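Here the structure is a predicted model, which means the values were calculated and not measured. We name chains A, B, ... by the order of the sequence lines, and we start the count at 1 in each one.
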Number of protein chains: 2
Amino acid sequence: MVGFLGNTYLKHIKRMNKYKVLLVDDHPILLEGSKNLINSSELYKVTFTATNVQSAMELIKSEDFDILITDYEMGDLTGSELIQMAKVAQPEIKTIILSMHDSPAIVKELLKLGVNGYVLKSDSHESMLAALDKVTNGKRYLSDNIASILIEGIDQPPSSALTPREEEIVKLIVKEFSTKQIAEILFISQRTVETHRKNILKKTKSSNLVALIKYAYDHKLV
Amino acid sequence: MVGFLGNTYLKHIKRMNKYKVLLVDDHPILLEGSKNLINSSELYKVTFTATNVQSAMELIKSEDFDILITDYEMGDLTGSELIQMAKVAQPEIKTIILSMHDSPAIVKELLKLGVNGYVLKSDSHESMLAALDKVTNGKRYLSDNIASILIEGIDQPPSSALTPREEEIVKLIVKEFSTKQIAEILFISQRTVETHRKNILKKTKSSNLVALIKYAYDHKLV
DNA sequence: TAATTAATACCCATTATTGGGTATTCGATA
DNA sequence: TATCGAATACCCAATAATGGGTATTAATTA
């Protein structure tokens, strides 16, 4: 075992021989399953779990972790917010996204944020363990599937991303609010909302509302 | 231990003390996790797993199982097809759906099909074990969340189903065709399409296009 | 500091959607 | 045969959405 994982061995002993993992997923059954999976390894131990972002944040404030593994889609708050918060609270923490089926946009967002590993739930469980080994070793891990998602995304012009305000409006559209209602909700003029809609349709290459809704579904803005 | 699970004890011994479970999910990581979860119980053992419907069907043809646990959404074929096939090949098999977030329509479809248990991935893992105990005991198990999904579905009058023509039009709407285009495609007047749209909105209780698209997604008309 | 971007708001006009009706024809069912 | 559901088609009118612009302000970035 001498020298495994490079220079992390000594650190390891100090940490009672197991890296402490915080596991976050809003599906308890899956959470329990992944926990067993990780705990059956030699090097990693899930010391805490959470089924929502809020309680995960509480844990990060009060407990020490080496690794944070989190789902992306979790109700109001996403894994994105959680990771940002975690990096502030514990700068040394390594982060791994364990997600379902993500769009190029989301993958890019998270990589830009500096996640250390990215694994899909449709990957093999060896991927998960490989990711853990890589990130504790200071490297980055992307599963093959994620790599291909990124390749998918390169052909589209970079200017296709919606601004925060535009995303906000898309979300309200999907919630079945009309232009007039959205204007009231956001305390802005109806004309402004119309302008936003026009820009959104152009950016997302949608020819009408229906196409936009489908875009929203595909890009997890629902 | 005498008499546990009613009269299934003797049967149990014959089966080498563990119920044989086939576990099907197209997400390997989740599959591995659930497998560990079930195998850590006293009574159940996952003897085979599959990550797609086709190979699950192969297994059902060649191996004996007491229980089939399957996801619903799995690429081309759904858990629905798998369950129908399993009931034919092994009439005594008990079936449990382990699914993500299902609409009343899907839940109803599966219950009509005669699934023995229904658990959501967002349920606790105790739900899964409770479901296993119930179904091996000849009873039916629905998690609380499923029960409430069903209750959601009952308030709508039974006459809410769309006619074939209406469904056809919904599908064209979702394909981003306008009223005018739909009229051309179906060789009918634009007024007729408008009438259909009105009736569709009324029947589906949709206040606008967006709501209708969401209805279509939920009811698999996409 | 200059240039760019995001958010705001308006002008023009056209097309699409929605909501309230009524009515006819055809085929199936009671 | 009488009734009903489904598909067809129209009336009228109001509201919503789309497509083409331009423009101002604040903030950020080069």
Side-chain angles (χ1 to χ4, degrees), chain A residues 80 84 105 108-109 112-114 156-219 221-222, chain B residues 156-219 221-222:
Chain A
S80 184
Q84 288 181 66
K108 274 184 197 164
E109 177 199 333
K112 207 180 294 173
L113 224 85
Q156 55 187 331
S159 64
S160 67
L162 299 181
T163 67
R165 192 55 151 181
E166 286 166 349
E167 278 205 8
E168 200 176 357
I169 286 172
V170 171
K171 284 178 186 167
L172 289 170
I173 292 174
V174 176
K175 280 183 186 152
E176 297 165 36
F177 292 111
S178 68
T179 294
K180 191 190 283 185
Q181 289 173 315
I182 293 172
E184 284 164 3
I185 291 168
L186 298 180
F187 295 106
I188 56 179
S189 143
Q190 200 168 321
R191 304 304 180 99
T192 305
V193 179
E194 280 166 10
T195 302
H196 281 306
R197 288 183 78 125
K198 273 190 289 192
N199 295 334
I200 289 166
L201 288 178
K202 211 173 255 171
K203 277 190 184 178
T204 61
K205 286 172 193 152
S206 305
S207 58
N208 58 32
L209 236 194
V210 180
L212 178 60
I213 307 294
K214 284 159 71 177
Y215 173 93
Y217 267 88
D218 290 345
H219 291 254
L221 300 176
V222 189
Chain B
Q156 51 188 336
S159 64
S160 68
L162 299 180
T163 68
R165 192 57 152 179
E166 287 166 348
E167 277 203 8
E168 201 177 355
I169 287 172
V170 171
K171 284 176 186 167
L172 289 169
I173 292 173
V174 176
K175 279 180 186 153
E176 300 166 33
F177 292 112
S178 67
T179 294
K180 190 189 282 184
Q181 290 173 315
I182 293 171
E184 284 163 2
I185 291 168
L186 298 180
F187 297 106
I188 58 180
S189 143
Q190 199 167 321
R191 304 306 180 99
T192 305
V193 179
E194 281 167 9
T195 303
H196 281 307
R197 288 183 77 125
K198 274 190 289 192
N199 294 335
I200 289 167
L201 288 178
K202 213 175 252 172
K203 278 190 183 178
T204 61
K205 285 175 192 148
S206 304
S207 57
N208 57 32
L209 237 194
V210 180
L212 178 61
I213 307 295
K214 283 159 73 177
Y215 173 93
Y217 268 88
D218 289 345
H219 292 256
L221 299 176
V222 189

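Without hydrogens or angle criteria, A:N208 side chain to A:A211 main chain gives a donor-acceptor distance under 3.5 Å. A donor-acceptor pair under 3.5 Å links the side-chain atoms of B:K214 to the main chain of A:V174, judged by distance alone.
Proximity of A:R165 to the phosphate of C:dA7: no side-chain N or O atom is located under 4.0 Å from OP1 or OP2. Between A:H196 and C:dT8 there is a side-chain N or O to OP1 or OP2 distance below 4.0 Å.
DNA chain D lies under 4.0 Å from at least one heavy atom of each of the following residues of residues 179-195 of chain A: A:T179, A:K180, A:E194.
Side-chain N/O atoms of B:K202 and base N/O atoms of C:dG19 include no donor-acceptor pair closer than 3.5 Å.
At least one side-chain heavy atom of A:L162 sits under 4.5 Å from a side-chain heavy atom of A:Y215. Annotation: side chain of B:T163 is in contact with side chain of B:K203 (closest heavy-atom distance under 4.5 Å).
With respect to B:T179, the side-chain hydrogen bond (donor to acceptor under 3.5 Å, both in side chains) criterion is satisfied by exactly one of B:R197, B:E184, B:R191: B:R197.
An angle of 50°, rounded to 10°, separates the two end axes of the helix from C:dT1-D:dA30 to C:dA30-D:dT1, each defined over five pairs.
Between B:E166 and A:K198, the residue whose closest nucleotide on DNA chain D is further toward the 5' end is B:E166.
Atoms CG and OG, on B:L209 and A:S178 in that order, are 13.0 Å from each other to the nearest 0.5 Å.
The CG atom of A:L209 sits 14 Å away from the C1' atom of C:dT15 (whole-angstrom rounding). Nucleotide D:dA17 holds its C1' atom 12 Å from the CD1 atom of A:I213, rounded to whole Å. One can place CD1 of A:I173 at 12 Å from C1' of D:dT18, the figure rounded to the nearest angstrom.
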Practice task
Take A:K171 and A:E168 through the test salt bridge (Lys or Arg N to Asp or Glu O under 4.0 Å) and record every step on the way to the result.
Solution key: CA-CA 5 Å; A:K171 284 178 186 167; A:E168 200 176 357; over 6 Å; no
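Closest to the side chain of A:T163, out of C:dT18, D:dA17, C:dA7, is C:dA7.
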